[in-house]
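In what follows, chains carry the letters A, B, and so on, assigned in the order in which the sequence lines appear, proteins first and then strands, with residues in each chain numbered from 1.
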Amino acid sequence: MHPRRALWLLGGLTLLLLLAALCVGSASLWQLFADPQRRDIAWLILGELRLPRALLGLLVGAALGASGAALQGLLRNPLADAGVMGISAWAALGAVLCLYTGLAAQFAMALPLGGLLGAGVGVFLLLLLGGRDSHLGTLILAGIALAALASAMTALALNFAPNPYAALEIVYWLLGSLAGRSWVDLLLAAPLIITGVALLLLCARGLAALSLGELAAASLGVPVQRLRLQVVLGTALAVGAATAVSGAIGFVGLVVPHLLRRHFQHRPGPLILASALGGAALVLAADILVRILPTDMEVKIGVVTALVGAPFFLQLLLRERKRQLA
Amino acid sequence: MRRLPAQSASKPVNGCRLGSAALVLLLGMAILPASATHAAQAAPQRIVSVNLCSDIFALAFADRSQIASVSYISAGSPLSPVRKQAAGIRVNHSRIEEVLALQPDLVMASAYSNPQLTHWLRGQHIPLLTVNMASTLQQVVAEWQRVATRLGHPQRAQALTAQLQSLLAQRPQATRTVAVYGPGGLGVLPGSLIPALLHATGYQLLADLSPRATSRVDLELLLLGQPQVLLRMRDVDTANTLAARQARHPVLKQLQAQVIDLPSSLINCGGPELLDAVRRLEAH
């Protein structure tokens with residue numbers, strides 16, 4: 001498929017899922033709109049409950065998809081993903097610390113900024129431990145250790161908080177959900193997510209050169225250090241802000257670029273944009289699914305993305321190992 | 001006469017004054033049998049209470065000199081409605097060694113207490129008094145009477161019951177629809193006293209706001225229900241939790257409902273703090 005056509009298709013799919021997300025809920029909007037006296041309730045449900053949730057799903061998915069594609073380009077490793085490599089977990093830790101110490105109550109932007117800071121620390125540590133040496137095992141082990149550390153510290157912080165709901169809230173921060181989100185959350189996160197994704201999109205050219213190797217990229221005039229910094233910052237902004245308002249949702253950045261890569265001839269440039277769209281589509285679809293499933297408690301989005309993503313991860317791992325052995 | 005009280009107490013159906021009068025009568029009758037059965041036992045002199053709810057009952061019905069220890073939650077947690085009364089009393093953490101060292105002649109616990117401890121107490125034949133959670137006002141009053149009698153002061157429960165009766169007699173005539181919305185978006189939990197309490201104080205609870213088996217309120221159904229009153233249950237003083245953040249969803253402001261804030265600590269245990277909850281509900 002031609003890359004441009006694939007992009008249009010992805011855009012159409014995302015738009016379709018956005019509209020579908022607006023139609024899912026316990027109230028029947030058609031009936032409400034038909035009754036002139038209750039039309040204002042229909043507008044409230046649509047405008048104050050479903051629209052912010054759907055838009056947030058779109059942005060969070062775009063952040064996760066784009067950061068996955070960019071990280072994979074930078075590390076030249078198809079297994080890099082903000083969720084799997086613990087960056088989301090660090091973002092969650094940052095947000096948790098800001099929320100439960102009361103910082104976020106005094107200064108609303110502290111919540112996404114805390115996520116940003118946490119994600120920044122996470123990416124930095126990941127690059128420090130597993131970035132230079134692009135050996136597969138090192139990166140994965142570093143990611144696993146970092147994710148475990150951040151999750152443990154999140155749980156610890158919540159256990160110290162005077163909060164009878166700590167156990168429930170740990171699950172939210174570690175698995176992610178869009179339930180009960182409002183315009184407040186959207187407006188807090190959107191500027192940072194959009195800036196982050198834009199920064200990542202601007203990396204496209206440099207990452208394309210980097211796919212030839214660091215030396216080759218440098219000889220082409222690509223400032224590799226600056227490129228690295230730009231990916232780190234873009235990821236921290238996008239993933240940090242997204243996680244601060246939706247919890248840590250894993251595997252999106254892994255599955256989406258993997259599915260799309262061959263349609264873009266393995267070029268990281270258009271792949272970042274495509275992955276942003278694909279990530280948005282995946283998170284929207286997962287959010288629609290958790291709302292439709294007739295479970296006792298709404299399933300967390302991270303559960304759905306992990307169920308889809310973990311088999312991909314294993315398949316990729318086996319393929320990479322075969323390649324390295326060969 | 002028999003049919004009315006049963007109907008008025010258990011189901012949050014649209015109330016009437018007759019039902020309320022019958023309820024008051026029945027509350028009075030609940031006292032009689034309980035006082036006869038437990039009167040024989042000697043009043044305990046070294047009470048160790050290991051749970052917030054049993055602490056509340058101990059502090060309400062026993063003399064301070066009878067209480068050897070209360071749980072650490074009563075004295076320190078913002079969830080406790082008896083922080084002042086518990087101050088200065090030795091605290092315990094519901095551990096077996098602690099309780100043993102205090103040499104209690106009665107241990108008070110609740111249905112949610114550490115099961116290892118209660119199991120062990122039964123094995124050691126140390127007297128155990130478990131405070132039960134009530135879901136109707138008759139159960140509340142019966143529990144007051146049972147516990148107060150065991151602690152040697154049945155008249156205190158009678159006085160409290162009389163106060164509750166006179167408060168309930170002042171309930172407003174008009175019935176208003178109400179929706180309950182608590183931290184984390186939780187509504188009415190199963191077995192809760194809230195439906196009975198709201199019914200007795202002149203409210204009609206909107207049912208079926210939680211389509212899933214959990215008690216989480218669906219905001220769309222809440223908007224559809226258009227309650228006249230939004231009862232916001234609050235847990236902790238601090239706003240620094242995700243649960244509190246969710247409870248402040250901006251769409252709630254779009255509801256054209258009167259908002260009443262009520263600390264859930266006034267209702268959770270069904271102790272004398274319930275009178276305060278009744279006063280607040282009737283005041284609005």
For this session: Given side-chain contact (heavy atoms from CB on, under 4.5 Å), test A/Ile45 with B/Val251 step by step and report yes or no.
Result: CA-CA 9 Å; A/Ile45 290 176; B/Val251 84; over 6 Å; no
For this session: Flag yes if more than 12 heavy atoms outside B/His93 fall under 6.0 Å of its NE2 atom; otherwise flag no.
Result: yes
For this session: Count the heavy atoms belonging to other residues, nucleotides or ligands that lie under 6.0 Å from CH2 of A/Trp43, then report whether that count exceeds 12.
Result: no
For this session: Give, as side chain, backbone, both or neither, the part of A/Leu103 having an atom under 4.5 angstrom from any heavy atom of chain B.
Result: neither
Exercise. Less than 4.5 Å apart, any side-chain heavy atom of B/Leu224 and any of A/Leu32?
Worked result: yes
For this session: Identify which part of A/Ala179 has an atom lying under 4.5 Å from any heavy atom of chain B, answering side chain, backbone, both or neither.
Result: backbone
For this session: For the residue pair A/Glu48 and B/Leu219, establish whether any side-chain heavy-atom pair is separated by less than 4.5 Å.
Result: no
Please list, one pair per line, the donor and acceptor atoms closer than 3.5 Å that link side chains of residues 280-287 of chain A to other protein atoms, with sequence neighbours excluded.
residue: A/Asp287; atom: OD1; partner: A/Arg53; partner atom: NE; Å: 3.4
residue: A/Asp287; atom: OD1; partner: A/Arg53; partner atom: NH2; Å: 2.8
residue: A/Asp287; atom: OD2; partner: A/Arg53; partner atom: NE; Å: 2.9
residue: A/Asp287; atom: OD2; partner: A/Arg291; partner atom: NH2; Å: 3.3

Seminar exercise, completed: So, the part of A/Arg38 with a heavy atom under 4.5 Å from chain B: the answer is side chain
Problem set entry | Neighbour count above 12 (heavy atom, 6.0 Å) for B/Tyr112 OH | no
Exercise. Based on non-hydrogen pairs under 4.5 Å, which of A/Gly102, A/Gly180, A/Ser26, A/Ala27 is most in contact with chain B?
Worked result: A/Ser26
Problem set entry | Non-hydrogen atoms of A/Ile41 and B/Leu223 that approach each other most closely | CD1-O, 3.8 Å
Exercise. Under a 4.5 Å heavy-atom cut-off, does chain B meet the side chain of A/Leu293, its backbone, both or neither?
Worked result: backbone
Exercise. Is any side-chain N of the basic residue among A/Arg50 and B/Glu220 closer than 4.0 Å to the acidic one's carboxylate O?
Worked result: yes
Exercise. So with a 6.0 Å cut-off around CD of A/Gln31, is the heavy-atom count from everything else above 12?
Worked result: no
Exercise. Would the number of heavy atoms belonging to other residues, nucleotides or ligands and lying under 6.0 Å from CZ of B/Arg90 be above 12?
Worked result: no
For this session: State whether the side chain of A/Glu169 and the backbone N or O of B/Ala243 hold a donor-acceptor pair below 3.5 Å, judged by distance alone.
Result: yes
